[in-house]
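Scroll down for the structure; my scribbles are underneath it.
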Amino acid sequence: KTVAIVGCPFSGGQPLRGVDTGPIHLVEAGLVEQIEELEWKVKFDGHHEFEDVKAANDPPIGILKNPRLVSRVCKAVSAVVGQHAKDGHLPLTLGGDHSLAMGTISGSLSMYPDVRVIWVDAHADINTIASTGSGNLHGMPVSFLLGINKRPPPEHPNASGYDEAMAEYSWVKPQLTSDRIVYIGLRDVDAGEKRILREHGIKAFSMHEIDKYGIGRVVEMALDHVNPKRDKPIHLSFDVDALDPTVAPSTGTPVRGGLTYREGHYICEAIHETGCLVALDLMEVNPSLHDAVAVSQTVAVGCSLIRCALGETLL
Ligand code: DIR
Ligand code: MN
Ligand code: MN
Ligand code: MN
């Protein structure tokens, strides 16, 4: 049993600096030692350096920001995560912003073509080239993984850039299918994203369903949807902003009304219990936001979620 930590100090998928220091803070808080206590071997050779993939000239494509940088970083992350998976390790990717999941999930798919994705987030991150309002690629990774980017109409701001953007992201094999991803924790979904979720029949458990059924039943229903026999590999992509901002304040796009401390942990514990977890992402910790107390609280909860997904139990 080996966890391979992939530290990704990267912020190019969104406008706020600081999220690139998330992985450094998580490791400095003692994450490696904490995972070792759970009887995993831990492989960590320092944080990823993306200098070699930095595009010299990276003007927006339409309204997409840092499009070449995000693409190249994610492509590099995909190769690293894919290699760890092939080595038989469990890749644990520390973000960094959530655009990185294009890389991590592509990497998982290269080893496990039938991987199931559980996406825990306040946001659906499924905007397309045609639907994005912000042009921030951390709001878009799922659309590339699903291969649902259609050409926008000619009057659209991204219309003229469509071919260039699709060429830049052509390395992302659209291998994920809409029945193999499930969301938990949503509460800030753009109108265009709601349409996409409906159009593709993508299962999502928002905070409304969590209030209605409780987190226990929601996780069970989510697993029943993507993994009814509990025999398929699972990639858990956890955006720390799924948690309520009172629990995880230091993140770039906090949204009120989120998961409680226990609800977040329960998700990780229940996924561990399936025995199907093959890859884990912990994303969007931004240690430059709010005071030192908020930062250490957010970093600590990030470490704690990771430990639970890797088998820490209460008893
Ligand atoms: C919004 C916000 N849907 C966008 N997305 C965020 O920019 O596409 N994702 N914050 O994490
Ligand atoms: Mn390895
Ligand atoms: Mn996200
Ligand atoms: Mn989010």
Side-chain angles (χ1 to χ4, degrees), residues 98 101 104-105 108 115-127 131 138-143 145-146 148 176-248 251 253-284 301-302 305-306 308-309:
H98 218 168
T104 64
I105 293 172
S108 285
V115 77
R116 306 316 203 230
V117 174
I118 300 182
W119 194 285
V120 182
D121 205 320
H123 312 93
D125 296 356
I126 197 170
N127 272 307
S131 77
H138 80 152
M140 306 174 67
V142 177
S143 74
L145 292 161
L146 291 171
I148 57 173
L176 190 65
T177 56
S178 52
D179 57 335
R180 293 182 180 180
I181 181 168
V182 63
Y183 289 100
I184 300 175
L186 303 188
R187 58 193 181 278
D188 182 14
V189 181
D190 300 340
E193 292 183 298
K194 290 181 184 174
R195 220 172 301 124
I196 293 164
L197 293 175
R198 234 178 286 123
E199 193 180 311
H200 295 275
I202 296 170
K203 194 74 156 175
F205 297 94
S206 71
M207 291 311 300
H208 177 88
E209 281 70 43
I210 295 170
D211 292 338
K212 183 169 178 178
Y213 300 112
I215 194 66
R217 287 200 57 205
V218 163
V219 173
E220 193 179 314
M221 289 188 285
L223 286 167
D224 284 345
H225 180 72
V226 291
N227 201 0
K229 289 152 76 185
R230 310 290 194 265
D231 57 349
K232 300 290 192 255
I234 294 173
H235 182 127
L236 172 59
S237 200
F238 202 118
D239 183 329
V240 83
D241 73 27
L243 299 173
D244 191 79
T246 57
V247 177
T251 190
T253 52
V255 189
R256 292 195 299 174
L259 299 172
T260 64
Y261 184 88
R262 272 305 309 159
E263 285 167 343
H265 286 72
Y266 179 83
I267 295 169
C268 294
E269 292 159 359
I271 289 170
H272 172 78
E273 282 176 346
T274 65
C276 297
L277 186 70
V278 298
L280 174 59
D281 308 329
L282 197 283
M283 304 305 211
E284 301 277 3
V301 78
L305 291 169
I306 290 166
C308 287

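Residues take their numbers from the sequence shown, with the count starting at 1.
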Would you indicate whether the side-chain heavy atoms of Val115 and Lys232 approach each other to under 4.5 Å? no

Please assess Ile210 against Leu259 for the test side-chain contact (heavy atoms from CB on, under 4.5 Å), listing each intermediate value before the final yes or no. CA-CA 9 Å; Ile210 295 170; Leu259 299 172; 3.5 Å; yes

Main-chain N/O of Glu284 paired to Thr251 side chain as donor or acceptor, under 3.5 Å: yes

Phe238 CZ to Ile184 CD1 distance, which is reported to the nearest 0.5 Å: 9.0 Å

Just checking, is any N or O donor in the side chain of Asp121 or His98 under 3.5 Å from an acceptor N or O on the other one? yes

Tightest non-hydrogen contact, residues Val301 and Ala248, listed as CG1-CB, 4.2 Å

Salt bridge (Lys or Arg N to Asp or Glu O under 4.0 Å) partners of residues 195-222, not counting sequence neighbours, each pair once: Lys150-Glu199

Pairwise distance CE(Met207) to CD1(Ile215) - rounded to 0.5 angstrom: 7.0 Å

Any donor and acceptor pair, going by atom type alone, linking the side chain of Asp125 with main-chain N or O of Pro141 inside 3.5 Å? no

Gap separating the NZ atom of Lys194 from the CD1 atom of Ile202, nearest 0.5 angstrom: 15.0 Å

Test item: Ser143 side-chain N/O and Ile148 main-chain N/O as donor-acceptor pair under 3.5 Å: no

How about Arg256: does its CZ atom have over 12 heavy atoms from other parts shown lying under 6.0 Å from it? no

I would like to know whether Val182 and Arg116 meet side-chain contact (heavy atoms from CB on, under 4.5 Å); could you show each step before the answer? CA-CA 8 Å; Val182 63; Arg116 306 316 203 230; over 6 Å; no

Grab the two heavy atoms, one from Ser178 and one from His200, that are nearest each other, plus how far apart they are. OG-O, 3.4 Å

Could you go through the side-chain contact (heavy atoms from CB on, under 4.5 Å) check for Thr274 and Asn227 one step at a time? CA-CA 10 Å; Thr274 65; Asn227 201 0; 5.7 Å; no

Heavy-atom side-chain proximity of Leu186 to Leu197 below 4.5 angstrom: yes

Closest contact, heavy atoms only, Leu176 versus Leu146: O-CD2, 3.6 Å

To the nearest 0.5 angstrom, please state how far the CD1 atom of Ile105 sits from the CG atom of Leu145. 5.0 Å

What closest approach, in Å, do Gly264 and Leu243 show between heavy atoms, and which atom pair accounts for it? CA-CD2, 3.8 Å

Step by step, work out the side-chain contact (heavy atoms from CB on, under 4.5 Å) result for Glu269 and Arg262. CA-CA 10 Å; Glu269 292 159 359; Arg262 272 305 309 159; 2.8 Å; yes

My understanding is that only one of Val120, Ile126, Ile118 makes a side chain to side chain contact (heavy atoms under 4.5 Å, CB included) with Tyr183; could you say which? Ile126

Closest non-hydrogen atom pair, Ala124 against Trp119: O-NE1, 4.4 Å

For the side chain of Asp188 and the backbone of Ala122, is there at least one donor-acceptor N/O pair under 3.5 Å apart? no

For a quick test of reading the model, state the closest non-hydrogen atom pair linking Ser237 to Asp281 and the distance between them. OG-OD2, 2.6 Å

Between His123 and Asp190, is there a side-chain donor-acceptor contact under 3.5 Å, judged purely by atom types and distance? no

CZ of Arg187 to CG of Asp244: how many Å apart, nearest 0.5 Å? 6.5 Å

From Asp239 atom CG to His138 atom NE2, the distance as rounded to the nearest 0.5 Å: 8.5 Å

